[in-house]
Amino acid sequence: MRRLLPEPPTGVDPYEAYGDLPGLRLGMVVSVDGSATDAEGWTDGLGGDADFRVLRSLRALADAILVGAGTVRTGRLGPARLRRDLRARRGRPPAPIVVVTGSADLDWTLPLFTKAETPTIVVTSQSGRQNVPKGIQVVSAGEDGVDLAAAVKTLREDLGYEHLLCEGGPALATALIRESLVDELCLSIAPTLLGSPRHTRLLDGLETEVPLDPTALYIDEGVLFVRYRLRV
């Protein structure tokens, strides 16, 4: 990886580059024409190995990893794991996956819930709590829908997960930005144009303008990695 801004040194270590942790970091990948999924409808094929290297570092640095229910329902999200080198640098087990869902209508037999080294946590509403099986840690925030501000406060203050990483999808990312809960956007821009057949918007219905301050720019295998601070 090579850093373009500020000053262009080579041989940048993603774990060190992203080590100045904000409170809540949003990490997403997008094509040049703005799609958050590839031609098959998944994020996996967009950024390639370069994006995976950064994603692994972001996960290793985080205290907990937020994902939306739609991402879980694809069945493609497994428990968080760490490569041996990152586990040694982190010095502790993988961060828990935190699933944000208003209804808690999920497949509880998925490995995400049954085989995670660090048990998965579910953030849901009071009405959704009854749908979560016993044995799964639950954070209740909100009556019929999830109160994201209250949930983030509980994760930080009560559970000790100070540094949060959100990996989307678009609905959760948009909701967090709308509530002014995101401190930093880490955007991977894949060197491809996908066109319209399987285009997924990076954000889902953000109504207000949110100014961004670019703080760093990296490039690796053609993928641009841009870090933005959100001015909220």
Side-chain angles (χ1 to χ4, degrees), residues 1-62 65-68 71 76-77 80 83 85-86 89 163-174 176-178 181-206 208-232:
M1 174 180 275
R2 184 160 60 96
R3 189 173 73 208
L4 304 178
L5 173 74
E7 300 182 1
T10 59
V12 175
D13 180 344
Y15 189 87
E16 294 182 359
Y18 288 85
D20 51 333
L21 298 173
L24 198 157
R25 171 179 272 165
L26 173 61
M28 299 188 76
V29 61
V30 67
S31 66
V32 170
D33 56 343
S35 179
T37 56
D38 61 20
E40 302 301 320
W42 312 108
T43 61
D44 306 28
L46 274 180
D49 290 341
D51 183 55
F52 281 126
R53 284 192 288 272
V54 170
L55 176 62
R56 285 194 293 265
S57 292
L58 294 180
R59 285 187 159 205
L61 288 163
I65 302 163
L66 276 62
V67 298
T71 300
R76 294 168 66 93
L77 180 68
R83 293 190 341 179
D85 59 329
L86 288 175
R89 297 175 80 174
H163 303 294
L164 304 175
L165 168 67
C166 175
E167 296 181 356
L172 177 57
T174 303
L176 288 168
I177 292 175
R178 187 184 294 121
L181 296 171
V182 177
D183 300 296
E184 182 181 61
L185 168 62
C186 297
L187 187 64
S188 305
I189 304 174
T192 185
L193 297 170
L194 289 175
S196 59
R198 294 301 298 267
H199 192 284
T200 301
R201 296 178 63 182
L202 180 69
L203 298 177
D204 185 14
L206 184 65
T208 58
E209 180 179 343
V210 179
L212 304 174
D213 289 324
T215 60
L217 176 64
Y218 312 91
I219 188 168
D220 191 10
E221 297 182 1
V223 182
L224 286 172
F225 299 90
V226 193
R227 298 177 64 184
Y228 296 99
R229 285 283 180 173
L230 278 72
R231 284 186 275 150
V232 294

Flag side-chain contact, heavy atom, 4.5 Å: [X] against [Y]:
X      : Y      : result
Leu165 : Arg59  : yes
Arg229 : Pro22  : yes
Cys166 : Leu172 : yes
Arg56  : Tyr15  : no
Arg201 : Thr174 : no

Does [Y] offer a backbone N or O that forms a donor-acceptor pair with the side chain of [X] under 3.5 Å?
X      : Y      : answer
Asp183 : Gly23  : yes
Asp33  : Leu194 : yes
Thr200 : Ala36  : no

Euclidean distance, [Y] [atom2] relative to [X] [atom1], rounded to 0.5 Å:
X      : Y      : atom1 : atom2 : result
Leu26  : Leu230 : CG    : CG    : 8.0 Å
Glu40  : Leu46  : CD    : CG    : 11.0 Å
Ile65  : Leu55  : CD1   : CG    : 8.0 Å
Thr215 : Leu185 : OG1   : CG    : 10.0 Å
Leu181 : Leu176 : CG    : CG    : 6.0 Å
Leu217 : Leu187 : CG    : CG    : 11.0 Å

Single hit among Arg2, Arg53, Arg3 for side chain to side chain donor-acceptor pair (under 3.5 Å) with Asp220: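 With Asp220 as partner, Arg2, Arg53, Arg3 yield a single side chain to side chain donor-acceptor pair (under 3.5 Å), made by Arg53.
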Identified side chain to side chain donor-acceptor pair (under 3.5 Å) partner of Arg25 from the options His163, Glu167, Glu184: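 Exactly one pass, corresponding to Glu184.
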Looking at every non-hydrogen atom in both residues, tell me the closest pair between [X] and [Y] and how far apart they are.
X      : Y      : value
Leu203 : Ala173 : CD2-CB, 4.0 Å
Gly169 : Met28  : C-CE, 4.3 Å
Val223 : Gly47  : CG2-O, 3.4 Å
Asp51  : Ser188 : OD1-OG, 2.7 Å

Validation row, ring centre Tyr18 to ring centre Phe225 under 6.0 Å: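 Judged by ring-centre distance (under 6.0 Å), Tyr18 and Phe225 do not meet the cut-off.
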